[in-house]
Amino acid sequence: MPGKKAFLALLALSSVSLFLHHRGHFSWTMKVFHLDSLPTHPSPTQKPKHTSVAFLKTHKTASSTMQNLMFRFAERHNLTVALPYQMCGHQFCYPSSFNARFVHPHTLPPHIITSHMRFNLSELRRLMPNDTVYVTVLREPASMFESLFSYYNQDCQSFKRVPNGSLEAFLAHPTRYYRPEEKDSVYAHNTLTFDLGGDRDRPSSDVEYARHFIEEIEREFSLVMISEYFDESLVLLRHLLAWDLEDMLYVKLNMRASRTKLSSGLPAQVRAWNALDARLYDHFNASLWRQLATLGPGHVAREVGLLQAARERAVLGCFGGQFPRVRSGTLIKNKELRPWQPNSKVDIVGYELPLNASRPTAGAGGMSQDVCLKLIMPEVQYTRVLLRSQSLLYRKKYALRFTPPVRSPGPHLLSPPPSSRNSSSSPHSPPAPAVTLSPAVKDKPRPSPMQPS
Ligand SMILES: *[C@@H]1O[C@H](CO)[C@@H](O)[C@H](O)[C@H]1NC(C)=O
Ligand SMILES: *[C@@H]1O[C@H](CO)[C@@H](O)[C@H](O)[C@H]1NC(C)=O
Ligand SMILES: *[C@@H]1O[C@H](CO)[C@@H](O)[C@H](O)[C@H]1NC(C)=O
Ligand SMILES: *[C@@H]1O[C@H](CO)[C@@H](O)[C@H](O)[C@H]1NC(C)=O
Ligand SMILES: *[C@@H]1O[C@H](CO)[C@@H](O)[C@H](O)[C@H]1NC(C)=O
Ligand SMILES: *[C@@H]1O[C@H](CO)[C@@H](O)[C@H](O)[C@H]1NC(C)=O
Ligand SMILES: *[C@@H]1O[C@H](CO)[C@@H](O)[C@H](O)[C@H]1NC(C)=O
């Protein structure tokens, strides 16, 4: 088949160029494999850790924070993470339905998959181990929709054609602006349902469809987390996977600088417009609380407390006794720590290292410098770093003709060489556009890094 040959040739070519481009960075990406652990808080159950996990990353639901946690878990346990083939971007060719062909061959066979995709169970089953646990996260529809509307206001035509970019105007007559046939319309109607593989344009009167769909999700997913109850959800996840407390550490990622408070009446309109998502959310919020009740409220509170204490210890240990500073993404000088900015009207904040800590302190709490940095590394950059390190391992394992370069002190993350670490080498993280922050935004109290997005 000529098409297949061309595809393979392209694959070989891009793999070689990826290798040539990035081999200088391999030595430091390897360091993460030498992580001592914090004082252990073993899994709440006696079982060995479960390591086959598919985390469906939904949009604007604290899922970047979860993805970062999964990436770090994988690195710490030498697990393979399925990553998108470059032509898919840093997502699995979203919004296309997931296909195993979207996975980069150097990341096969995987234990973990967590990048954005539109869920397709039969395709995932072809790829993932047969004991894979499926997990996802949902967010309350009104705050989620406000977030989508603001994040995608320049990318999604349905939002762009609304006069004055007004959420109120959109919700007053959604069908006036929404065009289901437009590719980017996925952000404008029942986005959770769509991400989960459902039909987002099913009329809300079709109660049977909604019921069936919810049943299906319940069958397929072992846990549906709720972003409003993120730490409680992590407690359930820890029980499900038998992970350690230190596997659950996180710093909140991919947040906006400011959020608009929805005026009264709007949440009901959002729910009416996104009726499928609202049903999903209500169902799985109720089921989350049933599971927490089974575990016992005292027990849950105790575990949440342990989790928060461990997180604070780790973060303070990493960043010289201070929390990393939340900053407007556009002002973050270190490219590796600058989050992707969707457009000039929304400011995604990230973290800058504390001023007097030119690099994170290794040792305190036992976390290595690289792991400390990865706690605050945005999705696009981390995906790239992981692809590089996994490609190296893949080549070693399959003894390809390349001699893996052994480099004494490799370029460090904090002092990127000016030539090779060029923003042009990362087509999926375009340089952030200039933003003039209004004083109101600048003066907003800084969100705590300890909350999920
Ligand atoms: C991961 O791999 C490294 C290097 O091969 C090894 O030293 C380490 O013990 C491994 N860790 C685990 C948890 O298997
Ligand atoms: C999911 O993948 C299967 C192939 O494994 C395909 O037949 C099906 O159409 C896909 N589902 C969607 C919704 O695209
Ligand atoms: C899962 O796969 C393993 C080997 O890959 C096999 O031994 C086992 O029987 C399979 N389990 C199920 C439930 O299919
Ligand atoms: C949009 O803004 C203009 C000027 O501020 C105002 O006159 C107009 O009524 C607004 N339109 C809507 C639909 O809110
Ligand atoms: C989630 O469910 C709990 C328990 O029923 C309820 O108290 C809470 O208000 C719900 N949260 C939201 C955001 O609907
Ligand atoms: C860094 O500066 C802060 C105050 O700006 C101070 O509290 C802290 O002790 C300093 N840390 C180090 C390691 O010097
Ligand atoms: C870096 O980017 C600049 C401008 O985009 C370009 O001129 C230059 O060739 C790039 N350097 C490398 C090494 O890619």
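Residue numbers run from 1 in the order of the sequence given. Small disclaimer: the values here were computed from a predicted structure and weren't measured. Numbering of ligands and ligand atoms starts at 1, following listing order.
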In terms of ring plane angle, is the pair Y152 and Y187 parallel, tilted or perpendicular, where the classes change at 30° and 60°?
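Y152 vs Y187 ring planes: parallel.
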Considering only NZ, NE, NH1 and NH2 on the basic side and carboxylate oxygens on the acidic side, decide whether K49 and D244 come within less than 4.0 Å.
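Salt bridge flag = yes for D244 with K49.
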Does the cation-pi check pass for R118 over Y94, that is, NZ or CZ under 6.0 Å from the six-membered ring centre and within 45° of its axis?
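Here R118 fails the 6.0 Å and 45° test against Y94.
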Cation-pi geometry met for R311 and Y250 (6.0 Å, 45°)
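Here R311 passes the 6.0 Å and 45° test against Y250.
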Check each protein residue for a heavy atom under 4.0 Å from ligand 2 and list those that pass, ordered by chain and number.
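Under the 4.0 Å cut-off, ligand 2 touches S97, N120, S122, E123.
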With no hydrogens and no angle check, just 3.5 Å: does a side-chain donor-acceptor pair link Q390 and H104?
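Note: Q390 and H104 side chains miss the donor-acceptor criterion.
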Can you find an N or O of E140 that's nearer than 3.5 Å to an N or O of ligand 5?
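The answer is no, given that E140 and ligand 5 share no N or O pair closer than 3.5 Å.
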Side chain or backbone, does E228 bring an N or O within less than 3.5 Å of an N or O on ligand 5?
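The answer is no, given that E228 and ligand 5 share no N or O pair closer than 3.5 Å.
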Could you go step by step and tell me if Y151 and H59 meet the ring pair (Phe, Tyr, Trp, His ring centres under 6.0 Å) rule?
CA-CA 10 Å; Y151 199 83; H59 282 85; 8.6 Å; no
Closest heavy-atom pair and its distance - S227, T61:
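Scanning both residues completely, I find the closest heavy atoms to be CB-O, 3.2 Å.
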